[in-house]
Structures are given as C-alpha cells and as structure tokens.
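The figures that follow rest on heavy atoms only: side chains count, while hydrogens, waters and symmetry mates do not. To find a chain, count down the sequence lines: A is the first, B the second, and so on, and within it residues start at 1.
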There are 2 protein chains.
Amino acid sequence: MAKSSTPSRERIVAGAADMISRRGLSATSIREMAKHAKAPLGSTYHYFPEGKQQLATEAVRYSGEWVARSLRKELEAGPAAGLAAFLALWRRIVFESDFHAGCPVLAVAIEEPPADEVPPALAAAADVFEQWENLLADSLRAHGARAEQAAQVATLIVAAVEGTVALCRAKRSTEPLDRTAAQLQYLIAATIKN
Amino acid sequence: MAKSSTPSRERIVAGAADMISRRGLSATSIREMAKHAKAPLGSTYHYFPEGKQQLATEAVRYSGEWVARSLRKELEAGPAAGLAAFLALWRRIVFESDFHAGCPVLAVAIEEPPADEVPPALAAAADVFEQWENLLADSLRAHGARAEQAAQVATLIVAAVEGTVALCRAKRSTEPLDRTAAQLQYLIAATIKN
DNA sequence: GCTAGACTATGACGATCGTTATAGCCAGAG
DNA sequence: CTCTGGCTATAACGATCGTCATAGTCTAGC
C-alpha cells in the first residue's frame with residue numbers, strides 16, 4: 001500500500017487537533033491520539049520524533065491553516081462576509097460536537113510554558129492568531145478602513161470569537177455567538193464606512 | 001491556634017485558582033495545589049471531600065466573585081469606568097505573571113466534560129460568565145442603552161476580554177489588550193449614547 | 001528474489017496521577 | 001485530667017503518563 005486514502009501522518013495530526021480542542025493539550029495523551037487515529041503508538045514517535053510538543057505544534061498549524069484557508073476564501077466577498085463565515089465555522093464546530101469541541105489554538109495558548117522558555121507549540125499558536133488577524137485587517141484596509149482601526153478591529157474579532165466559543169461551551173448554548181455576531185457585524189459596517 | 005492569618009481552606013482555594021489559571025485544570029495536580037498553599041495533601045481531602053472537582057468548583061467561584069466585586073465597585077462610575085477597570089485587572093494579571101497566568105474560569109470552561117454530564121466546575125464557570133455579563137449589561141441599561149443592545153455588548157466585552165488575555169499570553173505581549181481596549185471603549189460610548 | 005528502509009508491534013522504564021486508609025497530633029470543652 | 005473532634009502525617013492502591021528500545025513485518029526498487 002503506497003498511500004492509503006488519508007495518510008496516517010495527517011490523520012494523526014488532524015485527530016490530535018480535534019482532541020486538543022476538546023480536552024486541552026495536557027489532558028490529551030499520545031496513546032489516545034494514536035488510538036483515535038487508528039495508528040499504533042510506535043508510529044507517533046516515528047512520524048513525530050520530538051514527541052508530544054512536535055505533534056501539538058503541527059496540530060496547531062494544521063487547524064490554523066485550515067481556518068485561514070476558509071477565511072481567505074470568504075474574505076474575497078468583503079470583510080462582512082469573511083466575518084460571517086468565521087462565525088459560522090466556529091458555530092458549526094461547537095454545535096456539532098454538542099459543545100464539547102472548541103479551538104485547539106486557544107487550548108494550546110493557555111498552557112503554561114516552562115519558565116523562560118517558549119515551547120514551539122505556543123509560538124505556533126501566536127503565529128496562527130497573528131495570521132488570522134492579518135487576513136482580517138488586510139481585508140478591512142482594502143475596503144477603506146484606516147490602518148490602525150483595521151488592526152484593532154481585527155484583533156477584537158479574533159479575540160471575541162475565541163472567547164465566545166468558550167462561553168458557548170460553558171453555557172451549552174450558541175446564544176453568546178449570536179450576541180457577539182450582531183455587535184461585530186455593526187462594528188465592521190462602521191469600520192469600513194469611514 | 002484558632003485561626004491563622006489566612007485560613008488554610010481559603011489559601012488552598014486561592015492558590016488553586018492561580019494554578020488553574022496558569023496550567024489548566026487537568027494539568028494541575030492536587031498534590032501541587034496543596035504544596036503551593038503550604039497545606040498537607042491530607043487537608044485538601046479533609047476540606048474538599050468530593051476531591052478535585054469540588055476544589056475546582058470553589059476556585060472558579062472564588063475568582064468569579066473576586067472579579068465581580070471589583071467590577072461592581074468600578075461600575076458605579078459608569079460603564080466606561082467599569083470596562084477600564086476590567087481591562088486593567090486582566091492586564092495586571094497577565095503582565096505581572098510574565099504572561100503565565102490567565103483566567104481560571106476560561107481554563108475550566110474549555111475542559112471537556114464527560115458525555116451527557118455537566119461537572120459542577122463547568123456549571124460554575126457558566127454562572128460566573130453570566131454574572132459578569134449581567135453586571136455590565138445592567139450598568140449599560142442604567143445609562144440609557146436598549147436592553148438587547150446592552151446584553152449583546154456585555155457578552156461581547158466578556159468574550160473579547162477572555163479571548164484577548166489568551167492572545168496576550170500566546171504573543172507574550174499586552175498589545176492585543178491595547179487594541180481591544182480601544183475598540184471596546186468606542187463601542188461603549190456608542191452604546192450608551194443611543 | 002533480495003535487500004533496504006519505512007512502518008508496526010510489544011513491552012518496559014520511572015514518574016506522577018486521584019483517591020483512600022489509617023494512625024497520630026493537639027487544642028478546647030467538660 | 002480526660003476526652004472529643006478537627007486537622008495532619010504517611011503510606012499505599014491501581015492507573016496512566018511520556019518516552020524509549022527492540023524486534024518484527026512489509027513493500028519498492030534493483
């Protein structure tokens with residue numbers, strides 16, 4: 001078998017991202033990630049010789065890129081459409097997992113690093129947030145927003161959506177997403193108008 | 001010794017809240033919480049016979065009430081002052097911990113619950129978020145905001161601040177807080193004006 | 001067909017987890 | 001003084017953790 005329908009390595013990364021988004025990094029064991037991807041434990045150390053940190057780093061980048069792709073595509077129709085897609089994407093993840101899944105990037109971002117050291121997974125999380133913000137900010141600027149305003153609004157959107165997903169999980173309801181959605185839509189409309 | 005300067009029980013809860021805000025719930029062991037509070041391991045099971053879940057629940061409520069107190073007090077000077085205090089409080093926690101600490105309520109909120117069951121700590125997190133939102137929404141309404149708008153803005157503020165704290169930790173910078181602060185201030189000004 | 005190298009199978013290592021049990025201490029009430 | 005009850009001390013339980021080592025299987029290219 002040269003290549004199975006989805007290669008083992010990618011299945012492991014995608015599965016790891018899903019599990020991390022639910023339980024957090026430290027509560028997700030390598031054994032469970034392997035089992036979830038129907039891969040043997042030995043394979044995880046074959047594909048990711050640096051161990052858990054490497055796997056976490058790749059999982060963060062994987063979901064980061066996945067979201068960025070969607071964002072990039074929908075932003076072609078303008079910032080408001082991009083925001084709507086961004087919100088819909090997270091609503092779907094939260095709702096379809098029965099409020100069990102969230103954002104793996106956030107989950108990794110709030111793990112405490114060892115003193116005076118920055119683990120690669122945490123650095124990857126920072127990069128992913130930055131990328132999402134830049135996509136939104138560029139689109140806002142392209143539609144007439146002032147540079148500083150665009151940056152501020154982009155950061156607010158990313159932060160608010162991440163926080164709202166957490167609120168939804170705690171309350172087992174998508175209502176927080178509805179509320180922030182309404183306000184963020186006003187905000188975008190006001191931002192690209194001046 | 002009838003009562004030490006700070007009672008053991010409260011020291012354990014406060015310490016647990018701090019540790020959970022840094023490492024997350026599942027990465028924080030009861031042994032470490034006891035050691036951090038200079039209390040014996042046996043004492044934690046004496047004060048919290050339901051074990052880790054109970055300790056986590058009380059830690060969430062403890063920090064929830066602590067933030068709510070500050071919020072309640074500063075909101076007396078109006079929504080804008082309340083928001084400023086809310087932001088300053090989190091900025092202080094993030095900065096003074098060298099970007100290691102965050103919000104323990106968020107940390108508990110994103111832990112996956114067992115299927116069809118809601119652990120008390122998760123329910124407590126939902127309550128705390130609700131309480132913060134209500135404090136902000138009431139203040140907004142008292143200053144002329146429409147009821148629905150007030151609720152939406154309050155949810156957005158709580159979610160955005162929680163998310164921004166996570167962004168700051170990942171990026172090891174307080175700049176995200178500056179950006180969201182600016183936008184949330186505009187938003188409050190616009191909300192209580194109509 | 002054979003060999004090299006990618007992948008898997010299996011088991012073990014020390015460490016730490018949540019939790020419990022049991023015995024001991026030690027202040028304050030009687 | 002004795003005794004009771006809140007708190008501590010200590011050790012242990014099985015389970016699971018991240019990681020590593022070793023031997024085995026299988027396939028692609030010669």
For [X] and [N], give me the distance from atom [atom1] to atom [atom2], rounded to whole Å.
| X | N | atom1 | atom2 | answer |
| --- | --- | --- | --- | --- |
| A:R31 | C:dG11 | CZ | P | 13 Å |
| A:R9 | C:dC7 | CZ | P | 10 Å |
| A:K35 | C:dA9 | NZ | P | 13 Å |
| A:L55 | D:dT19 | CG | P | 10 Å |
| B:L41 | C:dA21 | CG | P | 14 Å |
| A:I30 | C:dC13 | CD1 | C1' | 16 Å |
| A:F48 | D:dT19 | CZ | P | 13 Å |
| A:H46 | D:dT19 | NE2 | P | 17 Å |

Decide if atom CD of B:E148 counts as having more than 12 heavy atoms of other residues, nucleotides or ligands within a radius under 6.0 Å.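 Check fails, neighbour count at 12 or below.
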
So what does A:T28 touch, heavy atoms closer than 4.0 Å: a base, only the sugar-phosphate, or nothing?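 Since only primed, P, OP1 and OP2 atoms lie under 4.0 Å of A:T28, the category is sugar-phosphate.
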
D:dC17, OP1 or OP2 - any side-chain N/O from A:S29 closer than 4.0 Å?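 The answer is yes; a side-chain N or O of A:S29 sits under 4.0 Å from OP1 or OP2.
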
Of all the choices, D:dC7, C:dG18, D:dG18, which nucleotide is nearest to the side chain of A:Y45 once you look at every atom?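 Looking only at side-chain atoms, A:Y45 lies closest to D:dG18.
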
Point-to-point distance, once rounded to the nearest 0.5 Å, from OG1 of B:T174 to CG of B:L167: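 With rounding to 0.5 Å, OG1 (B:T174) is 12.0 Å from CG (B:L167).
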
Separation between CD1 of A:I110 and CG of A:L25, rounded to the nearest 0.5 Å: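 Here the interatomic distance stands at 10.5 Å.
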
Cationic N near anionic O, under 4.0 Å, B:E111 to A:R23: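 Salt bridge between B:E111 and A:R23, a charged N being under 4.0 Å from a carboxylate O: no.
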
